[in-house]
Amino acid sequence: MNEVCDSEAPVLDAPALARLAGLMRARDTLAASFEATRHRLARRHGAASLEPWAQGVLALVEVNAGASALLAFWRASLELSGRLSPAALGETGLAAAALCREAGGQAACAALDGFVAIAPRLAGEGERAAFWRALLALAQAAPDCVESVATQAHRLVLPGHVADFEGFIAAGLKAAGRDSARRRAFFALEDTLALALLARIGAGPGFAELESELSRVLAALWGTAPPLQPLPPAASEAPRRVNIAGPVLRLPEVFPGVEGEGARHLYRAAALHAGAHLHFGNPRFPVRKFRPVQIALAGLIEDARIEALAMARYPGLRRLWGRYHIATPDDGPTLACLLARLARGLFDPGYADPDALVGKAQALFAAARDRLDDPAISLDIGTRLANDIGQRRLRFDARGHVVEPAYRDDGLGLWDFSDIDPEVSDEVQLLVEAARIERREGEDGPPDVAPSRAPAGRARERAAGETVPVIATYPEWDAQAGIERPDWTSVRALAPAPVDSRPLQRALERAGPARARIARLVKAAKIGRAVRLKRQPDGHELDLDAVIEAAIARRAGDVPNLNVFRSTALTQRDLAVLVLIDMSQSTRAKLASGASVLDVEKLAVAMLGEALAALGDAFALLAFASNGRDDVRLCEVKGFAEPYDAAALARLAGLSSGLSTRLGAGLRHAGAEIARVRAFRKLILVLTDGEPSDIDTPAPDLLQDARRVVLQLRAQGIDTSGITLDPAGVGAAPAIFGKANAMPVRRVEDLPLRLSELYFRLARR
Amino acid sequence: MPSATSPAAFPSRVPDLSAYRIAVEPYYRPVGDEIAVFEAAWRHRLPVMLKGPTGCGKTRFVEHMAWRLGRPLITVAAHEDMTAADLAGRFLLSPEGTVWHDGPLTQAVRHGALCYLDEIVEARQDTTVVIHPLTDARRILPLEKRNEQVAAHDDFQLVISYNPGYQSAVKDLKESTKQRFIAIAFDYPAPELEAEIVRREAGADAALARILVAIAACSRNLRGQGLDEGASTRMLIHAGRLAAGGVSLEAAVEAAIVLPITDDADVRRALGAAIAACLP
């Protein structure tokens, strides 16, 4: 049979193979290798089935892939011949040829080598095609990056996560845009975003998904929830551990290699362990003359101490943590493995280890059982064990030390490094750095600490440079002259500048109690009030007053009124509301919390928006600022017809402070907008931080003008209410909105709740 | 004013309040000086307001006090559509014409019972003003439909309950109502006490009761972070009864605490994790 398949195969049955054989004969460097490959494939699959494979080779030859690519393909064919059929191998060749056409032979060669490494992780034709499709897409957009991606394929493609590979490439192309240097850095995995995405491949759910749940579990068990923050991704592949920074818990964005319930479980275990540190913790131990091995062991004992206390209170935690204590003597002879067993021995008193050190630690820890409240036992026992380790000349690798098991924190939060003895400082520094690899940028403050990272006033500056179209002109009342000047102000549409709305969303999450209160208001308002209808022609009970009157009428010989029933009906809400947000320069003022007034306004509007969306009331959000009468800028965050979704929230988050407050013009425009909406009641809520002002008109005139607009709107059946931030209690608001419709807020932090309360009060009228 | 019956016809039908008397001592474990305060208020017939979260023992306390003082107890659960007539009484039709029928409040006022208005905030605000003349020096109940003023029996006392957790801009007692009452604050008892109550009421053993109380403490920590209220003592007793009746502890806690308390999957998961930590 082997003979049959040789070079004299009938041309008609296998044209590609025959052509290939002819071509190869002419190239003596390749001929031998080709023949060998063909021979071995034929032995495995049968000569007759090699035609598709030959087509793949031919395709590579036709695109001039070069000798190295052909050899790579043959290598791959042999390597994968047990796994893939000649047809599948042929597909691979065709895909490599297509790639070669875009990115060159070297890229194709690297891709084939990469494919050999990851092929076992790809299930079926679909996933293999997806891999090549992703590479081809990359080759078309950035041919120079194919090679570096292909050589990293083993890190980027994990079993069952080919889609993540495709996503990674798409994200890289999008993130770098036209910046080819950035693109190269990204695909060489030297970019922070690339590392973050790499960490997410095949992992999850991660910190972002679990944050709120972890925060709740911590609150439930330990009474208070410490602030949680993500740790920035690491460049090295060293495992990450939780870090306790003062009262803040910093968790890895993902635990690589764990997914699904496993990840959830690990995060829970890690968060509760760190929470126990905060709950049962100590004033931090001064480092002084401690050597790294002492620090590591004292930390290990401290972990065991707080866990013992926690488990005494919550016995179920033993189950939670126990599954990670799986170290056995078979793991290896290194000190790291011994430390893991030590941790296991202290966690589980029933664990018996052949190493005497574990037994000694267990005995010391058991002897201290009555003094578990005292953190000093950790230093004491840790030091004694460290001395034993020193005497046995076991080397402690300070640079490579990683706390085990994975759920425990890096231990550095226990120590006060301020009064470190110079004698040991270098060694200890190694330990600290081992735990802190690439964490430097996080030290300056993780991205979510600053409430808004959008450059202040960005939208405004851009707008100033361009000519912004005038969308409407409005009259203005000149109080001094006593006349209304027509077409006096021009309103221009300011394009919203959406930004990442996550900081705003986090602020929303933090405002839990106020939000819950508003949710209750929503629930109450949603039900609608029951209205009792008397003297109805039908209903579910008798209206006794009417019945008696009817009986009297009948006896008196009158015609009785037969409407003798009572029923109830729910009031229908038919309400449109427009929220007008002041974003003038004064809203940039910072509060004690670090947030600006505008940030609080945004939070307030976001909370109200949530409530309104839940209620189904029609509403619009409009922000305004002005720069003289010809340039009153209005930014539509949400129109009446638009849904209140993530995009609207991003637009809201993108508002920035600047310029002045020409309230009258803003109100006129708001009035014109809401007048177009069909609703039984129309309401404008103005959110401002002071009295109107602008560069070209005295403030009292603008106040008069605003008052006049409010009255005009009321005549049209549009109610206007002002909620003003007025910490000093000056109170211009009643002069504009009238006493009943002005709500001054003395504490800016109260604004979110007040705004929603005001709304519900007004909506009930 | 239509009034088909003469007031004189009324006293012939003195209703029998014995159905409202409490014969057996209802179990109540005092937490502070609430019994002393209530008895002092009773001596002067001052109206009492019981404030506290749901399921912490307000109703049980009133029953216990009614038993202790030997008075009948008439309980009215207030609801959104409760009218003044539902409390005071109304005319009903009979073959002879219309007949006046005392409402529960009027019965208590006439015959000297404790009247307990549960969750008074739920009632419409115009309803709550009916009790105003009863709760000041006048101690009368005007029945304008009958054109009658019922002077309160010497033994009549009014008790209301009020859950500040529901307090909101929409539902709140009027200032003028609030200020008429002696208030007694209730909260969930301290852990050991609560465990004792759960053990006693659910027929559970001490270890089980302690676990349930620990779970309740976790859920109460979540108040305002996804839960409106934590698990009440009543819920613990229910869970304890299920567990003592042979249901596995996990299933009992799930059925009696987790599922009723929240519909939010995230909160449920967090609560589930906290409960797993409490279970041995």
Side-chain angles (χ1 to χ4, degrees), chain A residues 210 212-225 264-265 268-269 271-272 310-311 313-321 509 512-525 527 529-530 532 542 544-545 547-549 551-552 555 566 568 753 756-761 764, chain B residues 1-4 79-83 85 90-93 97-101 124 126 145 165-171 207 210-211 214-231 249-250 262 264-280:
Chain A
L210 295 176
S212 67
E213 180 187 329
L214 293 177
S215 161
R216 286 198 180 110
V217 177
L218 283 165
L221 289 189
W222 302 124
T224 52
R264 192 182 293 279
H265 200 276
R268 239 179 233 170
L272 287 179
M311 289 187 297
R313 184 152 154 201
Y314 296 115
L317 291 177
R318 181 171 289 282
R319 269 194 312 276
L320 181 71
W321 291 325
E509 306 259 314
R515 229 169 151 206
R517 199 174 145 106
I518 292 172
R520 276 201 297 274
L521 291 174
V522 168
K523 220 185 275 171
I527 299 164
R529 275 172 306 154
R532 187 177 309 254
L542 285 172
L544 284 173
D545 289 342
V547 170
I548 290 160
E549 272 171 32
I552 291 168
R555 288 186 196 177
R566 234 167 49 167
T568 53
L753 197 55
S756 295
E757 278 180 356
L758 173 72
Y759 172 74
F760 284 100
R761 214 178 69 199
R764 276 168 66 83
Chain B
M1 178 103 275
S3 175
H79 55 83
E80 293 219 318
D81 202 25
M82 196 170 81
T83 60
R90 53 161 54 94
F91 282 106
L92 293 180
L93 292 172
T98 52
V99 179
W100 175 259
H101 195 91
R124 293 154 57 102
D126 55 336
K145 279 186 184 152
Y166 296 151
Q167 189 183 343
S168 69
V170 177
K171 277 191 178 153
R210 265 200 306 279
I211 294 168
I215 290 173
C218 288
S219 73
R220 289 167 199 166
N221 283 336
L222 284 178
R223 222 182 305 186
Q225 307 207 24
L227 288 184
D228 290 339
E229 290 276 357
L249 186 53
E250 286 86 352
T262 175
D264 181 328
D266 275 356
V267 179
R268 206 149 57 203
R269 246 195 317 261
L271 195 57
I275 288 171
C278 296
L279 295 177

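All values derive from a computational prediction rather than experimental measurement. Each chain gets a letter, A, B and so on, in the order its sequence line appears, and its residues count up from 1.
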Let me know if A/Leu544 has heavy atoms under 4.5 Å from chain B in its side chain, its backbone, both or neither.
side chain
Give, as side chain, backbone, both or neither, the part of A/Ala551 having an atom under 4.5 angstrom from any heavy atom of chain B.
neither
Could you grab the distance from atom [atom1] of [X] to atom [atom2] of [Y], nearest 0.5 Å is fine?
{"X": "A/Thr224", "Y": "B/Asn221", "atom1": "OG1", "atom2": "CG", "answer": "8.5 Å"}
{"X": "A/Leu542", "Y": "A/Ile548", "atom1": "CG", "atom2": "CD1", "answer": "10.0 Å"}
{"X": "B/Leu227", "Y": "B/Arg268", "atom1": "CG", "atom2": "CZ", "answer": "11.5 Å"}
{"X": "B/Arg269", "Y": "B/Asp264", "atom1": "CZ", "atom2": "CG", "answer": "9.0 Å"}

Look at A/Arg313, A/Arg268, A/Glu549 and state which one has the largest set of heavy-atom pairs under 4.5 Å with chain B.
A/Arg268
Quick check for you: among A/Gly316, A/Ala220, A/Pro315, A/Ala310, which has the greatest number of heavy-atom pairs under 4.5 Å with chain B?
A/Ala220
